[in-house]
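Not measured: the values here are computed from a predicted model. Basis for what follows: all heavy atoms, side chains included, without hydrogens, waters or symmetry-related copies.
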Amino acid sequence: MHGLWSCPSCGRTSANRNQSHTCRPLGDLSAHFTGKDEAVRETFDGILEVVRDLGPVEVLPEKPASPSTPA
């Protein structure tokens, strides 16, 4: 994708310079849907198709970060 900022540590791209992210390897998208109802993956794929019709998109299969504990 053209015009995106790349993290100098991990190479991950984002639309905003120094956008918050975790420098760790991405997972496998299919593994995310393991054990889920088939309709969940079908819904995801349908939404992704609509979004791709709007322009370039990159799916980053990443586990969400653990919420920080309040002080």
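In this structure the side chain of R24 never reaches within 4.5 angstrom of the side chain of C10, judged on heavy atoms.
Atom CG in L4 sits 13.0 Å away from atom CZ in R17 (nearest 0.5 Å). For the atom pair L54 CG and E49 CD, the distance stands at 11.5 Å (nearest 0.5 Å). Note: T43 OG1 to D37 CG = 8.5 Å, rounded to the nearest 0.5 Å.
When all heavy atoms of F44 and L29 are compared, the closest pair comes out as CE2-CD2, 3.9 Å.
Connection of V59 to I47 is established within a shared hydrophobic cluster, with ILVMFWY side chains joined at heavy-atom distances below 4.5 Å, either directly or through further cluster members.
With sequence neighbours left out, L60 forms a side chain to side chain contact (heavy atoms under 4.5 Å, CB included) with R12, L26, E58.
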Step-by-step side-chain contact (heavy atoms from CB on, under 4.5 Å) determination, V40 to F33: CA-CA 8 Å; V40 174; F33 294 99; 4.0 Å; yes
